[in-house]
Amino acid sequence: MALPYNPDEIEAKWRQRWDASGLYRPDVGRAGDALFYNLVEFPYPSAEGLHVGHVFRYSGVDAYGRYHAMRGRSVFQPIGFDAFGIHTENYALRVGENPATLTARTTAAFRRQLERGGFAWDWSRTLDTSDPAYYRWTQWILVRLFAAGLMYREEAPVVWCPSCLTVLAREQTEGDRCERCGTTVTERTMRQWFLRTTAYAERLLSGLDALDWPERAKKLQRQWIGRSEGREIDFGDLTVFTTRAETLPAATFLGVAPGHPAAGGRRPHPLTGAALPVLEADYVLASYGTGAVMGVPAHDERDRRFATERGLPVSDAPLLDPASAGAVGRPAVRYRLRDWLISRQRYWGPPIPIVYCEPCGPVAVPEAELPVLLPSLDDVRPTGTGISPLAAVAEFVETRCPECGGRGRRETDVSDTFLDSAWYYLRYPSLGAPGADRHAWDNSLVRQPDFYAGGSEHVQRHHLYARFLAMALFDLGLVPFDEPFPRMRLGGLITSAGAKMSKSRGNVVGPDAYTKRHGADVLRCALLFSCPWKAGGEFHDDAIAGVERFFTKLWNLVAAASGNTAGRTSGAAAGPGRVAHDGKPEPHAVAWAVEEVTAAIERLRFNVALARIMEATDDISSADGLAVVVRLLAPLAPHLAEELWERLGGRGSVHRTSWPTAHVERAGDPDQTIVVQVDGKLRRRVRVPADASDEAVVAAAVAATGIRAARTVLVHGRLVNLVTAVTGSRP
Ligand code: ANZ
Ligand code: ZN
């Protein structure tokens with residue numbers, strides 16, 4: 001079914017009006033507490049355009065922002081481009097193009113699609129991490145961290161991707177594979193730059209409790225930080241870390257990481273004096289604990305396997321009792337978290353702003369000399385030698401030492417792209433204000449996003465790095481808060497043909513064909529209708545037809561109600577006071593819709609919101625009722641809602657109207673909605689007469705759930721909790 005309107009025409013018209021009226025350019029400095037900083041992770045322009053997964057994520061975030069605007073907030077919703085980094089560079093290498101020219105093209109394509117989607121982005125405050133005006137400040141952050149001792153260079157065993165030809169941070173592996181390309185990584189010992197994330201391990205962990213984040217995100221970060229309480233026990237000069245000190249009497253060997261200097265020797269047991277062999281074992285990680293373990297084959301599975309392979313003895317010596325186990329060695333806390341390795345032997349990133357000088361050592365580039373510009377280069381391919389292609393550019397490498405003025409050589413590695421994105425949210429609010437080019441951010445404008453929408457794949461990378469950096473910058477007195485994202489939700493992924501979209505699978509679906517044929521509103525709603533925003537799921541073309549049917553019906557209802565029958569009309573009866581087909585007077589359908597849609601949007605359940613709007617529209621046909629429906633639809637289908645609002649005689653932009661409240665719309669409603677919980681978890685809502693007795697409310701709740709409760713908790717007029725078992729509480 002075709003739409004009764006031309007989406008290209010109508011959507012372009014409204015976008016122009018929004019732009020001309022500055023609807024999405026709030027006065028960040030003056031808004032005060034009314035400001036609602038609505039942030040979503042910005043895209044990597046590492047393809048020719050967006051895919052519908054982006055549109056899905058952004059449609060939800062945009063609907064949420066627009067909803068808050070109608071609730072009276074001054075919504076600031078910026079977007080930019082995470083253009084530097086391996087993502088984009090790998091794509092450039094694959095298509096045989098220079099990353100600089102490629103990025104210019106892909107960024108423009110992304111921007112065009114982001115504009116066409118009808119999102120409320122504030123384009124007066126956008127950024128691109130590969131722009132010198134931006135990465136100057138990424139480098140400035142490194143200079144500050146270096147001065148504070150939070151950035152250091154060290155030779156260490158590091159993760160190497162043999163396909164990306166660079167070292168990686170441990171967060172950027174999945175199991176033993178490169179997060180980017182899926183290649184199995186190897187380990188190399190190299191001299192590299194690190195940021196001291198481990199200095200913040202305890203704060204990163206304890207700070208999680210106060211964050212309004214999904215529990216699964218907190219859990220993932222906790223696991224990644226991996227706090228472990230145990231003891232350090234000395235075997236002569238070799239110290240091991242153990243979480244099972246009581247097994248010490250049964251230790252029959254010492255395991256060390258491959259390459260450990262103590263390998264091949266012997267160390268006497270601290271209790272028995274026996275000389276235990278020190279053996280290299282693959283399962284002992286150099287970078288965890290002390291890099292050495294006591295092998296207790298009788299109690300540890302990996303030790304048992306190793307002992308069996310090597311013909312080592314198994315001892316069943318009795319364990320220490322807890323009291324004496326607490327006397328051996330020293331208490332020790334260890335974290336799985338490692339310092340953040342930020343060196344990349346690649347081209348497309350901000351050069352690490354360090355100069356090496358014989359007498360002075362590594363010296364930071366003075367702040368006034370930033371940015372250290374990335375030189376243009378014809379052959380940007382990674383060398384694989386552990387040295388960045390920038391080393392080939394003599395004019396870049398050779399410089400003067402900022403300290404003594406003597407001969408210096410620049411660092412030729414660039415920094416990790418996750419550093420670019422670890423601070424971008426600090427800069428957005430300051431953009432467009434005077435002096436934006438003179439600082440990374442303005443402390444009178446900087447603020448935490450009120451809402452952050454991310455992806456679960458970033459919890460142990462981007463979200464962790466951003467938290468570390470906020471803490472470090474706070475300690476340096478550079479920002480007024482030490483958590484970046486106090487309130488965060490994770491969006492699900494759109495799948496296509498049952499799988500996550502990827503170029504290698506060939507199942508990437510772009511938005512353009514849909515927007516061209518059906519318009520942005522139809523695509524937004526079809527995506528949001530396909531699956532829950534937080535869970536994600538499969539996008540089916542059927543959703544397009546369903547949304548078009550609904551838009552057509554609503555269009556015709558509005559045409560009929562506004563007395564304009566020029567368009568296609570369904571001939572539906574119009575006018576206030578119409579009684580809906582189930583016998584409920586229309587105002588109740590309106591009040592119900594307001595309640596349901598509000599609750600759904602608050603919970604980011606946009607599929608439910610749309611379904612409720614559709615259901616309610618079956619019972620609504622008056623101009624007043626439809627005006628409420630159009631306002632409820634405005635966050636989800638922003639162009640169509642404007643058009644219908646205008647046709648209904650509404651004044652100004654529908655996006656500047658206030659969100660309908662059930663309280664007002666409910667006037668005269670003889671029913672009330674009761675939330676039904678089972679053991680404290682929301683299960684249903686039931687409608688009961690406003691004057692129903694408590695017994696009748698409980699009976700309705702029991703009937704709706706089929707649950708026989710051991711006990712019920714009733715909040716008059718609002719909620720029934722059916723408790724099925726008595727747990728945790730004493731009688
Ligand atoms: C003796 C022992 C006996 C252990 C036993 C376990 C069970 P988490 O909880 O992850 O901290 N370990 C210590 N350092 C290691 C390293 N660098 N590489 C690999 N394994 C290492 O685990 C701590 C336990 O992991 C330690 O306690 C140690 O083995 C091992 F029945 O010591 B245990
Ligand atoms: Zn790789």
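Just so you know, ligand 1 is whichever comes first in the structure, and atom 1 is the first atom listed for that ligand.
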Only pairs under 3.5 Å count here: list side-chain donor-acceptor contacts from residues 320-327, not counting sequence neighbours, and write none if there are none.
| residue | atom | partner | partner atom | Å |
| --- | --- | --- | --- | --- |
| Asp321 | OD1 | Ala323 | N | 3.1 |
| Asp321 | OD1 | Ser324 | N | 3.0 |
| Asp321 | OD1 | Ser324 | OG | 3.1 |
| Asp321 | OD2 | Ser324 | OG | 3.4 |
| Ser324 | OG | Asp321 | O | 3.3 |

Q) Ser228 heavy atoms, cut-off 4.0 Å: which ligand 1 atoms fall inside? A) 8 (P), 9 (O), 11 (O)

Q.
Angle between ring planes, Trp140 versus Trp441, binned at 30° and 60°: parallel, tilted or perpendicular?
A. perpendicular

Q | Selected option - heavy-atom contact closest to atom 25 (O) of ligand 1, from Arg227, Glu301, Arg302, Arg231 | A | Arg302

Q) Does the protein place any heavy atom closer than 4.0 Å to atom 29 (O) of ligand 1? A) no

Q. Among Asp282, Val296, Val293, Leu248, which one has a heavy atom closest to atom 12 (N) of ligand 1?
A. Val293

Q. Looking at atom 13 (C) of ligand 1, what's its closest protein heavy atom, distance included?
A. Phe241 O, 3.2 Å

Q.
Counting non-hydrogen protein atoms only, what is the nearest one to atom 6 (C) of ligand 1? Give residue, atom name and distance.
A. Asp300 OD1, 3.5 Å

Q: Tell me which protein heavy atom sits closest to atom 16 (C) of ligand 1, plus the residue, atom name and distance to 0.1 Å.
A: Leu285 N, 3.7 Å

Q | Which of the ligand 1 atoms, numbered from 1, are nearer than 4.0 Å to a heavy atom of Thr247 | A | 3 (C)

Q. What distance do Thr239 atom OG1 and Leu254 atom CG have between them, rounded to the nearest 0.5 Å?
A. 10.5 Å

Q. Among Gln221, Lys219, Arg489, which residue meets the side-chain contact (heavy atoms from CB on, under 4.5 Å) test with Trp213?
A. Gln221

(Q) Return the closest protein heavy atom for atom 10 (O) of ligand 1 as residue, atom name and distance. (A) Tyr288 OH, 3.7 Å

Q. Quick one: CG on Leu490 to CZ on Arg57, what's the gap to the nearest 0.5 Å?
A. 8.0 Å

Q) For His299, is at least one N or O under 3.5 Å away from an N or O on ligand 1? A) no

Q. With atoms numbered from 1 as shown, which atoms in ligand 1 lie under 4.0 angstrom from a non-hydrogen atom of Tyr283?
A. 18 (N), 19 (C)

Q: Do me a favour and list the nearest non-hydrogen protein atom to atom 5 (C) of ligand 1 with residue, atom name and distance?
A: Arg244 CG, 3.6 Å

Q) Could you give the distance from CZ (Phe451) to CG (Leu604), rounded to the nearest 0.5 Å? A) 4.5 Å

Q) Considering only heavy atoms, does Thr243 approach ligand 1 within less than 4.0 Å through its side chain, its backbone, both, or neither? A) both

Q | Result of checking Tyr44, Trp348, Phe42, Phe418 against Phe84 for ring pair (Phe, Tyr, Trp, His ring centres under 6.0 Å) | A | Trp348

**Q.** ligand 1 versus Arg336: contacting region, heavy-atom distance under 4.0 Å
**A.** neither

**Q.** Contact (N/O only, under 3.5 Å) between Met294 and ligand 1
**A.** no

Q.
For ligand 1 and Thr242, I'd like to know whether there is a polar contact (N/O to N/O, distance under 3.5 Å).
A. yes

(Q) Whether the Tyr465 and Asp416 side chains hold a donor-acceptor pair (N or O, under 3.5 Å, no angle test) is what I'd like checked. (A) no

Q) Is a salt bridge present between Glu89 and Arg180, judged by a nitrogen-to-oxygen distance below 4.0 Å? A) no

Q. Under 30°, 30 to 60°, or over 60°: which ring-plane class applies to Phe194 and Tyr152, parallel, tilted or perpendicular?
A. parallel

Q) Any side-chain donor paired with an acceptor under 3.5 Å for Thr184 and Asp176? A) no

Q | Where ligand 1 meets Val284 - atom numbers and elements under 4.0 angstrom, heavy-atom basis | A | 16 (C), 17 (N), 18 (N), 19 (C)

Q | Backbone or side-chain N or O of Asp303 under 3.5 Å from ligand 1 N or O | A | no

